[in-house]
Amino acid sequence: MIAKVIVDVPSQAVDRMFDYSVPDSLAKTLVVGCRVHVPFANRPVQGFVAELSDSTEVPKHKLKPVTEQLDLVPPLTEELLQLAEKIKTETLSLHVAVLKAMLPQAMRAKYKKILTVTAEINKLDPLLQPYFKTSEDVIEWDEWIKNASENEIKSAVSSLRKGLLSAEPVVTTKDAAKKRLVYSLKEESRQAMKEAESLQKKAPKQAAVLRFLSERPNDKAYTAQELSEYGSKAALDALVEKGWLAKQETVVKRDPYEGREFESSENLPLLEDQAVVLGEITAAMDEKEHRTFLLRGVTGSGKTEIYLQAIDRTLKEGKEAIVLVPEISLTPQMVNRFKARFGSRVAVMHSALSKGEKYDEWKKIRDGEVDVVVGARSAVFAPFTNLGIIIIDEEHEASYKQEEAPRYHARTVAVARAEHYNCPVVLGSATPSLESYARAQKGVYQLLTMENRVNDAVMPSVTLIDMREELRTGNRSMFSEDLLDKMEERRLKGEQTVLLLNRRGYSTFIMCRECGFVPECPHCDISLTYHRTNQALQCHYCGYRETVPVRCPDCDSDQIRFFGTGTQKVEEELKKQLDGIRIIRMDVDTTRTKGAHEKLLTKFGRGEADVLLGTQMIAKGLDYPNITLVGVLAADSMLHLPDFRASERTFQLLTQVAGRAGRHKKTGEVLIQTYSPEHYSITEVKQHDFLSFYQKEMQMRKMGGYPPYYYLTMLQVSHTDLHKTVQFTEKITDFLRQNLSDTTKVFGPVASPIPRIKDRYRYQVMIKYKIEPQLADVLHELMVSLQTDIARTDLQVIIDTNPHMMM
DNA sequence: AGCACGCCGACT
DNA sequence: GTCGGCGTGCTC
């Protein structure tokens with residue numbers, strides 16, 4: 001038997017299948033989708049069995065056997081393997097990169113080099129001898145070299161040359177299952193309890209352990225911890241030694257939500273709107289036909305309840321469901337709603353879990369222990385085999401696009417999977433992406449709309465505050481008079497305010513007031529950000545850090561001042577303006593630790609603060625009845641980013657955060673402070689008018705030649721040498737112009753908006769097209785032709801067939 | 001990517 | 001004459 005293997009080597013040059021013979025010992029168990037270890041270019045690597053076959057073109061003397069099979073149950077199903085090929089061609093990624101993206105981190109291979117002694121230890125340099133107390137001892141090269149002295153390293157290198165040491169590459173791939181040791185009473189011991197009493201005198205602890213265990217059911221096993229009140233680990237091990245007890249390793253399942261009580265909930269009654277929408281979705285399920293629905297429902301219209309009931313229906317049919325939510329809204333509040341309805345049938349996958357916890361959640365899915373997964377982007381690859389529905393909440397969110405290779409979009413993957421299972425996809429949002437809404441207009445997706453809020457709530461009133469006007473009237477603070485008044489008013493009434501500091505593309509930097517000097521990162525063309533917590537200037541892109549200068553490095557003036565606004569500064573300022581106001585601040589600093597996010601929200605929910613102040617992360621999913629005021633500081637701060645989606649993002653964020661107000665009995669009010677009160681991405685928020693925004697933005701896209709009117713592909717070229725960067729980009733641009741059709745436009749070379757990151761110069765080429773069937777082939781050909789340059793020089797070329805970030 | 005193979009300069 | 005530098009090709 002021959003196994004066709006995709007090897008884990010990230011190079012275009014080996015991005016194909018390699019044939020291996022399957023040894024007899026594995027012939028019965030090896031199946032497609034398993035991970036294996038194989039020898040490749042004289043070293044072991046991990047690979048994925050993509051096909052099994054009886055024949056091969058490869059001459060016998062070249063064929064090597066599979067060394068090891070890692071999975072009995074293949075982690076990748078046939079469906080996922082097919083899907084991987086599709087993603088590979090669509091995103092121009094390496095095949096193995098896609099396969100790895102489908103697995104939890106813990107199942108991906110680790111490679112290291114191990115040094116072993118081949119001669120007698122005493123022949124070795126005395127400097128190295130301490131590392132090899134016995135001939136079994138090894139040095140893990142990559143780890144060792146970090147702490148070894150220069151002389152030790154030199155000595156090791158020369159010992160390798162002389163053959164006293166040998167270097168061996170090894171792959172380690174493990175299932176990150178958490179194991180623990182447990183003790184149980186052996187069957188035969190039970191009959192001999194009388195003899196056990198004889199231990200009493202010499203070994204009272206051991207006797208106590210036996211007595212305890214004999215009073216319990218036989219098969220129950222306990223950890224040393226659980227038995228510690230009867231006898232220590234030493235006593236337990238002695239009993240094992242004497243044959244009384246059995247000691248075993250068992251796999252424990254971590255449960256990130258262990259010990260948490262979830263109040264169970266039933267299906268809620270639906271409004272008419274909701275019932276119609278649910279009806280359409282279940283009809284599609286009945287027809288067993290794939291359909292993609294775009295559910296546009298205003299904030300507070302009860303989209304989540306629709307998801308829950310659609311899933312309920314799916315489960316009743318014995319099928320499974322995937323729910324994708326944006327990373328930042330994977331809040332406990334969200335998770336709780338699913339856990340409350342479906343209990344232990346839900347797995348949760350998000351970045352706050354440890355690698356091991358993620359693995360366990362993943363395994364629950366593969367082993368069929370759960371049938372619903374709620375998770376961020378990568379949960380779209382959940383290894384279900386009988387999918388009944390895929391739901392993408394807040395479908396417009398940028399986090400559904402992966403910004404590293406493989407650059408897939410979860411929406412595209414979801415639709416591909418749903419086509420395979422003939423099941424529906426539901427894309428939900430109050431502010432759909434332009435792409436999706438345009439597809440719905442064209443009938444590619446089926447549009448469903450909910451214009452009414454549940455709880456008889458009305459949409460909050462939105463007021464725009466022109467900050468230029470405030471400035472003219474002499475208010476130089478970051479709060480308008482109106483906003484301060486209203487916040488104070490809420491506090492007196494015992495109601496709450498959500499305050500959004502929109503600071504994307506707007507960070508705190510320092511500037512010399514005398515000469516205008518702004519400290520920049522020496523490795524990236526970007527100004528340094530001021531971090532108050534460690535009193536340092538830090539680069540957002542490479543992590544470079546320096547201390548805050550006391551005097552201007554340029555003109556020696558001491559007039560160095562901070563600009564921009566951070567949440568900390570807002571908090572201080574607000575405390576100054578409104579004496580005694582209680583503020584909860586949510587930003588990266590205050591939510592870094594595990595569970596902090598939840599704690600802060602619970603606190604706010606209990607009414608222990610008047611104001612919840614935060615960045616984007618507070619814009620989503622918050623649902624507290626007492627929030628009656630939402631304030632937005634600097635609404636337009638991301639409007640001027642070099643990104644054709646800037647208006648769309650602004651509208652979406654403002655609508656989302658406005659939706660936090662007045663979701664229940666009390667009506668809500670929203671105050672938006674801005675310097676561009678006439679911009680449509682802001683004015684349309686005031687009217688709650690998605691359609692009007694959509695039409696205006698579509699006009700802009702049409703004029704600019706952007707999606708959804710045109711498709712984009714971006715090539716990002718980088719190199720440490722500026723001249724080479726430009727040269728290569730020119731070469732690439734020429735190649736594209738020559739090989740693509742005349743109607744396709746190739747823009748470039750241009751320097752990237754951030755022209756240098758980590759000492760690499762960055763240029764880009766943008767391709768705009770309507771129909772270009774050759775594109776994938778041409779780009780592939782291009783990459784093949786650049787292969788040697790990429791491998792031998794430090795040239796890097798990134799292709800993004802659906803760019804979301806223009807930086 | 002990472003390794004062997006092979007062809008050139010510098011040195012025991 | 002040998003060691004080790006790095007350019008080149010290949011990996012089932």
Side-chain angles (χ1 to χ4, degrees), chain A residues 1-27 30 32-70 81 88 92-101 108-116 140-143 145 153-173 404-406 718-721 724 760 783-799:
Chain A
M1 196 163 54
I2 302 296
K4 314 247 172 196
V5 175
I6 305 289
V7 289
D8 181 18
V9 177
S11 160
Q12 196 92 44
V14 293
D15 187 26
R16 59 186 171 90
M17 288 188 262
F18 285 86
D19 293 1
Y20 288 86
S21 62
V22 179
D24 292 344
S25 58
L26 302 181
L30 194 63
V32 164
C34 284
R35 295 168 306 154
V36 287
H37 286 173
V38 291
F40 191 73
N42 288 320
R43 76 209 134 99
V45 298
Q46 191 187 79
F48 296 88
V49 179
E51 284 172 30
L52 285 169
S53 154
D54 292 326
S55 61
T56 176
E57 311 274 273
V58 178
K60 226 179 181 164
H61 68 275
K62 280 193 168 180
L63 207 62
K64 290 177 186 170
V66 171
T67 335
E68 198 181 338
Q69 174 181 343
L70 295 162
L81 288 172
K88 166 194 155 76
L92 290 145
S93 310
L94 296 177
H95 200 160
V96 69
V98 183
L99 296 173
K100 284 167 81 174
R108 301 176 202 164
K110 287 188 185 62
Y111 299 93
K112 53 188 174 186
K113 204 180 270 177
I114 277 178
L115 302 193
T116 50
E140 246 182 63
W141 184 251
D142 291 322
E143 285 302 309
I145 204 165
I153 293 170
K154 262 191 198 160
S155 169
V157 171
S158 85
S159 306
L160 277 166
R161 239 192 347 262
K162 289 181 202 141
L164 298 169
L165 291 180
S166 85
E168 191 197 347
V170 289
V171 220
T172 47
T173 316
E404 304 96 53
S718 76
H719 197 286
T720 41
D721 183 299
K724 288 246 169 69
R760 301 183 65 86
M783 288 309 275
V784 170
S785 75
L786 290 170
Q787 205 191 102
T788 33
D789 287 304
I790 292 171
R792 310 276 187 241
T793 78
D794 105 303
L795 173 68
Q796 228 183 61
V797 181
I798 293 166
I799 301 180

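Remember, it's a predicted structure, so these values are computed and weren't measured experimentally. First the proteins, then the strands, lettered A, B, ... as listed; each starts at 1.
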Nearest to the side chain of A/Pro10, heavy atoms from C-beta on, is which of C/dC12, B/dA1, B/dG2? B/dA1
What's the CG-P distance between A/Leu160 and C/dG4, to the nearest Å? 12 Å
Please report the distance, rounded to the nearest Å, between CG in A/Asp19 and P in C/dC12. 11 Å
Winner on side-chain proximity to A/Val9, out of C/dT11, B/dA1, C/dT8, is B/dA1
Atom-pair distance (CZ on A/Phe18; C1' on B/dA1), nearest Å: 12 Å
Decide, yes or no, whether a salt bridge links A/Arg760 with A/Asp794 under the criterion of side-chain N to carboxylate O below 4.0 Å. yes
Which one, C/dC12, C/dC10, B/dA1, comes nearest to the side chain of A/Ala13? B/dA1
Here the gap from A/His37 atom NE2 to A/Leu70 atom CG, rounded to the nearest 0.5 Å, amounts to 4.0 Å
With side-chain contact (heavy atoms from CB on, under 4.5 Å) as the test, pick out the partner of A/Val45 among A/Val36, A/Val9, A/Val5. A/Val9
Length of the CG-P vector between A/Asn42 and B/dC3, whole Å: 9 Å
Suppose we screen for side-chain contact (heavy atoms from CB on, under 4.5 Å). Which residues come up paired with A/Ala13, at least two apart in sequence or across chains? A/Ser11, A/Gln787
Round to the nearest Å and state the distance from A/Lys112 atom NZ to B/dG2 atom P. 16 Å
Check the phosphate of C/dT11 against A/Lys62, side-chain N and O only, distance under 4.0 Å to OP1 or OP2. Yes or no? yes
Counting the atoms with a prime plus P, OP1 and OP2 as sugar-phosphate, which does A/Pro39 contact under 4.0 Å by heavy atoms, base, sugar-phosphate, or nothing? sugar-phosphate
Please give, in whole Å, the distance from B/dA1 C1' to A/Asp15 CG? 13 Å
Return the value, rounded to whole Å, for the distance between atom CG of A/Asp789 and atom P of B/dA1. 13 Å
A/Phe40 atom CZ is separated from B/dG2 atom P, nearest whole Å, by 12 Å
